[in-house]
Amino acid sequence: MVSSGRLRAVPGSGRRHRKDLGLTATSPRPVRVRFAPSPTGSLHIGGLRTALYNWLFARHHDGVFVLRIEDTDQKRYDPQALRVLMESLRWAGLDWDEGPEVGGGYGPYVQSERLGLYQRWANWLVENGHAYPAYETPEELEQMRKEQEAGGGKRGYNRAHRDLMPDQRAAFEAEGRPKVIRLKMPLEGEMLVQDAIQGEVRFDYGVLQDMVLLKADGFPTYHLAHVVDDHFMAISHVIRAVEWLSSLPVHWQLWQAFGWEIPTYAHVPVMLNPNGKGKMSKRNPPRDAHGNIIPVLVHDYIAAGYLSEAAFNFLANNSWNFGDDQEVYTPQEAVARFDLTGINPTNAALQIDKLDWYNGVYIRRLDPLDLARRLRPFLESAGYEVNVDLLSALAPLLQPRLKRLSAEEVMAYAGFLFAEDFPPPPREVLLKGFKGDAATAGTALRSAGEALAGLAAFDAAQIEGVLRAAAEALGMKPKEFFSLLRNALTGQEVTPPLFDTLPLIGRDESLRRLAEAAAALAG
RNA sequence: GCCCCAUUCGUCUAGAGGCCUAGGACGUGGCCCUCUCAAGGCCAAAACAGGGGUUCGAAUCCCCUAUGGGGCACCA
């Protein structure tokens with residue numbers, strides 16, 4: 001039954017032996033892989049990871065990465081989806097060699113433009129006894145399912161039309177009943193396949209059903225389209241989500257029926273919710289410890305302020321690992337080392353904390369001016385007017401502190417720089433953490449102002465010098481003095497370091513804030 | 001209900017019969033640095049799901065159980 005020499009049976013468990021296969025070494029075919037999303041909505045984060053593994057594999061082998069659009073579900077088609085899908089892939093740095101907008105020698109790359117091909121090959125299957133027309137209506141099938149559930153018996157299509165007499169068939173045709181084409185699955189026997197990630201996979205054909213290949217509307221189902229397209233696009237390795245593993249026998253039968261060279265299959269594990277319960281779903285978005293929603297769609301990750309560099313590294317390092325205990329690596333480094341069989345077959349929870357850590361790592365690696373440039377649109381879309389020079393000066397201070405590119409985080413650290421006007425903070429804020437009385441505090445603020453006013457250059461080093469001297473002259477602990485100044489100058493408990501922050505506020509404005517705070521305390 | 005797959009610290013993982021006293025990372029806790037918060041440095045707690053085999057020797061191979069996950073459409 002399994003005729004391909006490449007896909008020989010190997011004794012023992014898959015886990016143990018899957019790396020002995022030499023899958024690519026023994027394959028004479030040039031590496032061509034594809035990512036084949038359906039344009040029914042925005043790209044799922046797990047989908048991006050699957051795309052990423054395909055891309056890594058293609059680049060590692062100097063192969064070809066194809067983007068194919070599986071728009072065979074007319075009911076769920078979303079015209080916006082394709083654009084968003086491509087945006088998401090490009091954001092992550094996954095460029096495709098063939099597909100929409102770039103073309104290629106195996107097109108068209110959109111399935112709805114290939115309908116004739118599927119119909120032709122579906123008919124070929126019927127003519128050669130591998131498939132048959134079935135005339136049940138969706139309502140009849142629904143009825144059948146209900147009876148099965150009530151009876152507790154076997155589920156699935158009962159194969160009523162598998163062996164129709166020619167006159168029965170003619171009668172249905174004469175009636176004008178719509179028909180589908182179904183695959184004739186073997187009634188017994190076993191399928192045995194070596195999956196590059198999952199290892200040995202075995203299915204008993206007896207429990208499988210006759211899946212629909214061509215729908216009544218003339219569109220193919222995934223099963224037919226996948227095999228026909230992967231054949232005519234010369235795909236060498238099918239790297240897809242493990243959700244498909246259950247339908248592998250259908251595809252396997254199709255390959256056998258057509259007699260085409262079978263690609264190597266690699267089923268990548270799914271991404272589970274952070275709590276490990278169930279796969280990530282946009283219908284039931286997961287939440288973190290604080291009750292915040294964890295994004296599921298790639299465009300939500302972008303909007304949440306994640307860097308594509310961090311997302312790439314994080315996704316690559318989930319289910320696959322670099323080796324050498326190295327956690328941070330570039331796409332180029334990953335390409336050099338990538339090995340399909342090194343993907344862990346176990347489903348993995350999405351560890352959002354680790355993504356946040358990666359994001360911090362990559363934010364810190366940015367050129368500060370680049371950070372400012374990337375931050376700008378987030379601030380603007382939150383309604384802030386951005387002074388580019390100020391933001392550029394602020395960026396290095398923000399850099400070790402930000403977890404994401406977000407207006408919210410920037411404001412938490414530096415909102416006092418963006419305020420339209422800055423009235424003196426209320427007393428309780430000014431005196432927060434201060435042990436002395438208001439008069440002492442006011443005196444301290446005034447002497448800080450005097451020290452700063454006399455400075456030749458208003459830079460961090462000089463500011464630090466005079467303020468430390470002022471603290472000593474006042475007989476105050478630096479800690480106490482500086483937090484008093486922070487309160488008066490920013491109204492915030494948490495800010496970037498004071499000495500670096502003062503030049504951003506500016507000398508005049510700083511002196512004004514100190515004076516007004518002192519006045520407020522006096523009154 | 002049926003089919004398939006998996007199971008190593010809370011989480012992501014290393015592990016290919018002896019290099020395992022089970023390694024790394026995130027997170028957590030402590031200490032250091034320190035004007036707050038970060039960043040950084042150091043340290044710590046934390047795992048082979050359970051039970052049977054095979055073997056001189058098992059996290060690793062086999063079987064059973066349990067648990068988790070995926071799938072059972074004229075969706076992909």
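Just so it is clear, the model here is predicted, and its values are computed rather than measured. Just so we're on the same page: letters track the sequence lines, and every chain starts at 1.
The partner of B:rC26, taking Watson-Crick or G-U wobble pairs whose two distances both stay under 3.5 Å, is B:rG10. With a cut-off of 3.5 Å on both pairing distances, B:rA39 has no Watson-Crick or G-U wobble partner at all. Pair assignment for B:rC2 gives B:rG71, based on Watson-Crick or G-U wobble hydrogen-bonding distances that are each under 3.5 Å. Applying the Watson-Crick and G-U wobble criteria (two distances, each under 3.5 Å), B:rA16 pairs with nothing in any strand. Look at B:rU55: it lacks any Watson-Crick or wobble partner with both distances under 3.5 angstrom.
A gap of 16 Å separates the C1' atoms of B:rG68 and B:rG10, to the nearest Å. Separating the C1' atom of B:rG17 from that of B:rU28 is a span of 35 Å, rounded to the nearest Å. Taking atom P on both nucleotides, B:rC75 is separated from B:rA66 by 37 Å, rounded to a whole Å. Remark: the separation of the C1' atoms in B:rU54 and B:rA47 is 25 Å, to the nearest Å. Separating the C1' atom of B:rA46 from that of B:rC12 is a span of 15 Å, rounded to the nearest Å. B:rA25 and B:rG18 have their P atoms separated by 25 Å, given to the nearest Å. Taking atom C1' on both nucleotides, B:rG24 is separated from B:rG50 by 28 Å, rounded to a whole Å. For the C1' atoms, the distance linking B:rA16 with B:rC9 amounts to 22 Å, nearest Å.
Between B:rG70, B:rA6, B:rC12, one nucleotide has an atom nearer to the side chain of A:T346 than all others, and that is B:rA6. With B:rC26, B:rC72, B:rG69 as the choices, the nucleotide that has an atom nearest any side-chain atom of A:Q209 turns out to be B:rC72.
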Check the interface with nucleotides 32-35 of chain B: list each N/O to N/O pair with the protein under 3.5 Å, or write none.
from, atom 1, to, atom 2, distance (Å)
B:rC35, OP1, A:R468, NH1, 3.4
B:rC35, OP1, A:R468, NH2, 2.8
B:rC35, O2', A:R486, NH1, 3.4
B:rC35, O2, A:R486, NH1, 3.4
B:rC35, O2, A:R486, NH2, 2.5
B:rC35, N3, A:L498, N, 3.2

Sub-3.5 Å pairs of nitrogen or oxygen atoms, protein against nucleotides 40-45 of chain B:
from, atom 1, to, atom 2, distance (Å)
B:rG40, OP1, A:R364, NH1, 3.4

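The main-chain N or O of A:L366 is never found under 3.5 Å from a side-chain atom of A:D370 such that the two would form a donor-acceptor pair.
Side chains of A:Y222 and A:D73: no donor on one and acceptor on the other come within 3.5 Å. With 3.5 Å as the limit, one finds no donor-acceptor pair spanning the side chains of A:E139 and A:Q143.
Each of A:P269 and A:E136 lies near RNA chain B, and the nucleotide nearest A:P269 is the one positioned closer to the 5' end.
Counting all heavy atoms, side chain and backbone alike, A:D500 lies closest to A:P503 at O-CD, 3.4 Å. Between A:L89 and A:A51 the shortest heavy-atom distance is CD2-CB, 3.8 Å. What you find for A:W320 and A:R337 is that their closest heavy atoms are CZ2-O, 3.7 Å.
Stacking of A:R240 on the aromatic ring of A:Y265 is not recorded, the 6.0 Å distance cut-off and the 45° axial limit not both being met. Within the cation-pi definition used here (under 6.0 Å to the ring centroid, within 45° of the axis), A:R365 qualifies as a partner of A:Y362.
Between A:R202 and B:rC4, a side-chain N or O to OP1/OP2 separation shorter than 4.0 Å is absent. A close approach under 4.0 Å does occur between a side-chain nitrogen or oxygen of A:K215 and OP1 or OP2 of B:rA76.
Interface remark: the A:Q198 side chain does not form any donor-acceptor pair with the B:rC5 base, using a distance-only criterion of under 3.5 Å. Between the side chain of A:Q326 and the base of B:rG24, no donor-acceptor pair of N or O atoms lies under 3.5 Å.
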